[in-house]
Protein chains: 2
Amino acid sequence: MSLQIDMENFIQYFSGNKLSIDSTNFEKFGLKAKLKHYQKGQQLITQGQPAPKLFFLVKGIVRYMSVSPEGKEFTQSFASAPSLSGSTRAMTRNVDALFSIEALDDVICLEFEWQVFFEQMKSQPGFLSAYNRLLENMFIKKEEREYAFVQQSAEQRYLTFLDRNPQLRDKISLKMIASHIGITPIALSRIRNKLK
Amino acid sequence: MSLQIDMENFIQYFSGNKLSIDSTNFEKFGLKAKLKHYQKGQQLITQGQPAPKLFFLVKGIVRYMSVSPEGKEFTQSFASAPSLSGSTRAMTRNVDALFSIEALDDVICLEFEWQVFFEQMKSQPGFLSAYNRLLENMFIKKEEREYAFVQQSAEQRYLTFLDRNPQLRDKISLKMIASHIGITPIALSRIRNKLK
DNA sequence: TGCTTCACTAAACCTAGGTTAATTACCCTC
DNA sequence: GAGGGTAATTAACCTAGGTTTAGTGAAGCA
């Protein structure tokens, strides 16, 4: 897989988010990106450590997860290629990451230094609007999740999850789904049993 | 309170968010804003209805709240002047609001049509960056809240709330705090009793 | 072939928080 | 100052989901 093709995907991705940049214009930017490969289980960023990087997933699936002081795992979200990935908080505020991003299968991605990326991109016409659009979407998703945690039962959250993420169904374990919807694997097993 | 002073606050607010616009530049924009007054209990936007407006709170406190199909209230958040207010989802996606915004005391605010506001502002140097910054902050807050709901007990969430919102403490009822941290007023009363 | 590890399930028991209902304490307004 | 609302508290009881422990089956490995 050539870098050229990856950049095409990247541009495509942003185009879908209403960013109009022609690819020649974009090429010089490509030089700043590293093409990386992560094996299943490896971490792209690590909880408690600086995470100044932005990733563009070309292939594979990742999971955002953190471990509480008491040792409980929580899965904030999943992301599958093609998509942008990284910790907004850690990148933009220059603080340590509150979660890790871990590869759920073999992952190929482009890696950018956020500060450099943002400095270069913010002058590109349309970039800031595309980034706004992205942030709005991210915010709206979190809002929906907040609502689900407070107003819905675990069973409802599980059904919603299945409904919205059919492509993940066979890729991730019950344990991960459970920690994403905020219950224990045992509780999810009970729910499954009840549903069938 | 003159409109002029309100615009000053508004500019000030954005300046704090790294937007540099000189006030003369801004004046022509001011003509598009309506200065509004809401009595305690009135709604700025209403759940289930279009909410294309952006508000700049000049005075007062509001609460974002929704009622579930089963009739349970949930308080998404509070906002006190000076700050921007509105439903990101409803404004930017042109859909009905999922929550209401209700005045908790007498509220004075500037009211903008989001579409017009955004169209005019997006060409102002610095505005898109300021808006990005705002969205990032909003997202990070929701992330923290998501984490709290999953990893913390109701008691911990209550203590965090008190800690972070000392200015709200005497302005809002126990019922509202309870519905904000995701429990019933009765449960919160028990927690208070246990704590004292 | 056995040994280990990990994913999932199942049963028994526990607890945080929900639900219902009663009680007090306030404000209102008439 | 008598009624009617609403806010907060308390107690009794209930339930969703957590915890502990045990068991099964598949995957990896010596």
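Below, read A as the first sequence line, B as the second, and so on, with proteins coming before strands; counting in each chain starts at 1.
Whole-Å rounding puts the B:L195 CG to D:dT9 C1' distance at 15 Å. Following rounding to the nearest Å, B:E70 (CD) and C:dT19 (C1') show an atom-to-atom distance of 15 Å. One atom, CZ of B:F74, and another, P of C:dG18, lie 13 Å apart when rounded to the nearest Å. Atom CZ in A:R190 sits about 8 Å away from atom C1' in D:dA16, given to the nearest Å. Taking atom NZ of residue B:K72 and atom C1' of nucleotide C:dG18, one finds them 8 Å apart after rounding to whole Å. Taking atom NZ of B:K40 as the reference point, atom P of C:dC28 lies 9 Å away to the nearest angstrom. Look at NZ on A:K194: it is 15 Å from P on C:dA10, rounded to the nearest Å. As rounded to whole Å, 7 Å separates atom P of D:dT9 from atom NZ of B:K196.
The pair A:K53-A:E113 meets the salt-bridge criterion, with a side-chain N (NZ, NE, NH1 or NH2) lying under 4.0 Å from an Asp/Glu carboxylate O. Between A:R93 and B:E136 there is a salt bridge, with a side-chain nitrogen of the basic residue lying less than 4.0 Å from a carboxylate oxygen of the acidic one. Between B:R164 and B:E144 there is a salt bridge, since at least one side-chain N of the basic residue sits less than 4.0 Å from a carboxylate O of the acidic one. Salt-bridge annotation for A:E146 and B:R145: present, with a side-chain N of the basic residue lying under 4.0 Å from a carboxylate O of the acidic one.
Taking CG from B:N137 and OG1 from A:T88, the interatomic distance works out to 11.0 Å, rounded to the nearest 0.5 Å.
For B:R192, the side-chain atoms get nearest to D:dT9 when compared with the rest of D:dG18, C:dG17, D:dT9.
Ring pair B:F55/B:Y38 is perpendicular by interplanar angle, where above 60° counts as perpendicular and below 30° as parallel.
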Item to complete: Show your working on side chain to side chain donor-acceptor pair (under 3.5 Å) between B:Y64 and B:S85 and close with a plain yes or no.
Response: CA-CA 9 Å; B:Y64 296 44; B:S85 188; 2.9 Å; yes

Under 3.5 Å between N/O atoms: give me all the protein pairs with nucleotides 20-25 of chain D, atom names plus distance.
none

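Between C:dC8 and A:S189, no contact under 4.0 Å exists linking OP1 or OP2 to a side-chain N or O.
Side-chain N or O atoms of A:D105 include one that pairs as donor or acceptor with a backbone N or O of A:I61 at under 3.5 Å.
Nearest heavy atoms, A:E73 versus A:V67: CG-CG2, 4.1 Å.
Each of A:I191 and B:L188 was assigned the nucleotide of DNA chain D with the nearest heavy atom; the assignment lying further toward the 5' end belongs to B:L188.
For the contact set between residues 150-181 of chain B and DNA chain C, defined by any heavy atom under 4.0 Å, the members are B:S153, B:A154.
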